[in-house]
2 protein chains.
Amino acid sequence: MAVSERTSKLPTHEVVYRRIREMVLFGELAPGQPVTIQGLVGDLGAGMTPVREAIRRLTAEGALEFQGNRRVCVPVLTLSQLDELSFARQSIEPRLAHLAAQRATPEDIAHLEAVDEALNRAIERGDVRGYLQHNHRFHEDLYALAQARILASLAGMLLLRVGPSLRVVCGRFGTYGLPDRHRDALDAMRAGDADGVARAIGEDLQQGIDQIRQSLLAG
Amino acid sequence: MAVSERTSKLPTHEVVYRRIREMVLFGELAPGQPVTIQGLVGDLGAGMTPVREAIRRLTAEGALEFQGNRRVCVPVLTLSQLDELSFARQSIEPRLAHLAAQRATPEDIAHLEAVDEALNRAIERGDVRGYLQHNHRFHEDLYALAQARILASLAGMLLLRVGPSLRVVCGRFGTYGLPDRHRDALDAMRAGDADGVARAIGEDLQQGIDQIRQSLLAG
DNA sequence: CAGCGGAATATTTGATCATATCCTGCCCGT
DNA sequence: ACGGGCAGGATATGATCAAATATTCCGCTG
């Protein structure tokens, strides 16, 4: 019991890690919010050790941040950090998309289209959480096709760093139209146009970054 | 005692982390070598909890790798992973070098020149460990000047992933002439030529990558 | 007499450890 | 070759210690 779904053989620290990761990614933890070990121990019903390990891992990935005095919180992005993230994502993710496009089978594409479908429905429904989940899923699954574990893990870390801010943006502006470059990417993918896929993904993530930038500037 | 230098206020898990990190970086742990918690507990004289946390952190950074069945080892690079690393480093590090060049003061440059001096002496001495240490130091200190924490942390992770293999290469071929693009970088830096610095660093790390590739191909 | 500053204390949270439990892989007997 | 024990090592817990923050209380000043 506790830690709810103990999905059989997964170790506790892994379960806890994923749980907290989702909390960061989908906005259950807001930027700036302090994260205490004992709080999580209480909320997740796990022991200290697994929680500790999960936090260390997430800290290494940049999803959480050491606040000097051995306290941990969700990082707040500055404009210059956003520039760094923009540069890094533009460097890595289009390449991953390119590789993925070269390897994608029709079934893979169909799967991604299904995810994108669900994403659009979430937007229409005004379901922020669903939007974030499916958007993340889309990129994650796309990059998984590239069979480039190192680059994919880098992309995952970058996603993790934008997550909380994206959530804030959506909370502020709702899920209104991101024109959805995913469609462009999928069309290019079907056409075997890897460069086009890379370009579409680049534009897609640029939109996200720009929205966050707007939000930061508006303060 | 134990954990040797307990540099006063640093928590044990931090000390342990740095220690293991160095072991990975400078070849005390070879690629493929299994890493056991209890082994490290014995070697470093620390408790299990700090060691566990350090390992989780290093695993997240790609310095160590889960071997499925809850065993951990130093990762062995494949050719395709080396390509990923090459791409990622070429994307990130020249940019960091460029930023660093724009911000560097004469004192900063002097410091880097001193490190490069020490590096060259280590090469002449045939001191592999010293070479690796100063080379790492050079890049680390250079990137620190860029004041771009996120990009620098990415670069650090990439460095960690090449570390063990670089060590193997040096062990095999000795410290014979890497023509030292550092000199070029430093000259460009003094001249205020940020693009030149970026180019030199790009060539520098490409040389390292190529050497590892040679080594992998030679088997 | 009211408000303020600061020292001492209380409480909250993090760090570490020793220990108990559980897996995994290996070795042996059949 | 198959299956069951055995040993080594990983995981997880709770207790204990230490540190940092919040709180309280007292004496002082305006």
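Proteins come first, then strands; the chains are lettered A, B, ... in the order of their sequence lines, and each starts at number 1. On a predicted model such as this, the values are computed, not experimentally measured, just so you know.
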Inset, instruction - Send over the distance from B:M48 CE to D:dG8 C1', rounded to a whole Å. - result: 12 Å
Legend entry - Rounded distance (Å) that lies between atom P of C:dA15 and atom CZ of A:F66: 6 Å
Legend entry - Minimum-distance nucleotide (side-chain atoms of A:P11 versus C:dG25, C:dA15, D:dT11): D:dT11
Legend entry - Contact under 4.0 Å: B:T49 side-chain N or O vs C:dA15 OP1/OP2: no
Inset, instruction - Classify the side-chain pair B:Y17/B:E22 by whether it contains a donor and acceptor separated by less than 3.5 Å. - result: no
Inset, instruction - Kindly say if A:N69 contacts the phosphate of D:dT21, meaning a side-chain N or O under 4.0 Å from OP1 or OP2. - result: yes
Legend entry - B:R213 atom CZ: more than 12 heavy-atom contacts under 6.0 Å: yes
Inset, instruction - Grab the CD1-C1' distance between A:I37 and C:dT16 for me, whole Å please. - result: 11 Å
Legend entry - Cation-aromatic face contact B:R129/B:F26, 6.0 Å, 45 degrees: no
Inset, instruction - Please give the angle, rounded to 10 degrees, between the axes at the start and the end of the helix from C:dC1-D:dG30 to C:dT30-D:dA1, where five pairs define each axis. - result: 10°
Legend entry - Cation over ring face, A:R95 and B:F87, 6.0 Å, 45°: yes
Inset, instruction - Considering only NZ, NE, NH1 and NH2 on the basic side and carboxylate oxygens on the acidic side, decide whether B:R19 and B:E28 come within less than 4.0 Å. - result: yes
Legend entry - For atom CZ of B:R71 and atom P of D:dA10, their distance in whole Å: 7 Å
Legend entry - Side-chain donor-acceptor pair present, A:Q206, A:D210, cut-off under 3.5 Å: yes
Inset, instruction - With the side chain of A:R70 defined as its heavy atoms from C-beta on, choose the nearest nucleotide among D:dA19, D:dG9, C:dT16. - result: D:dA19
Legend entry - A:R52 side-chain N/O to C:dA15 phosphate OP1/OP2 under 4.0 Å: yes
Inset, instruction - Quick one: label A:T36 by what it contacts on the DNA or RNA (base, sugar-phosphate, nothing), any heavy atom closer than 4.0 Å. - result: sugar-phosphate
Inset, instruction - Whole angstrom is fine here: how far is it from CD in B:Q67 over to P in C:dT24? - result: 15 Å
Inset, instruction - Decide yes or no, distance alone: a donor-acceptor N/O pair under 3.5 angstrom between the base of C:dG14 and the side-chain of A:Q38. - result: yes
Legend entry - Centroid separation A:H139 to A:Y143 less than 6.0 Å: yes
Legend entry - Spacing between B:L40 atom CG and D:dG9 atom P, to the nearest angstrom: 12 Å
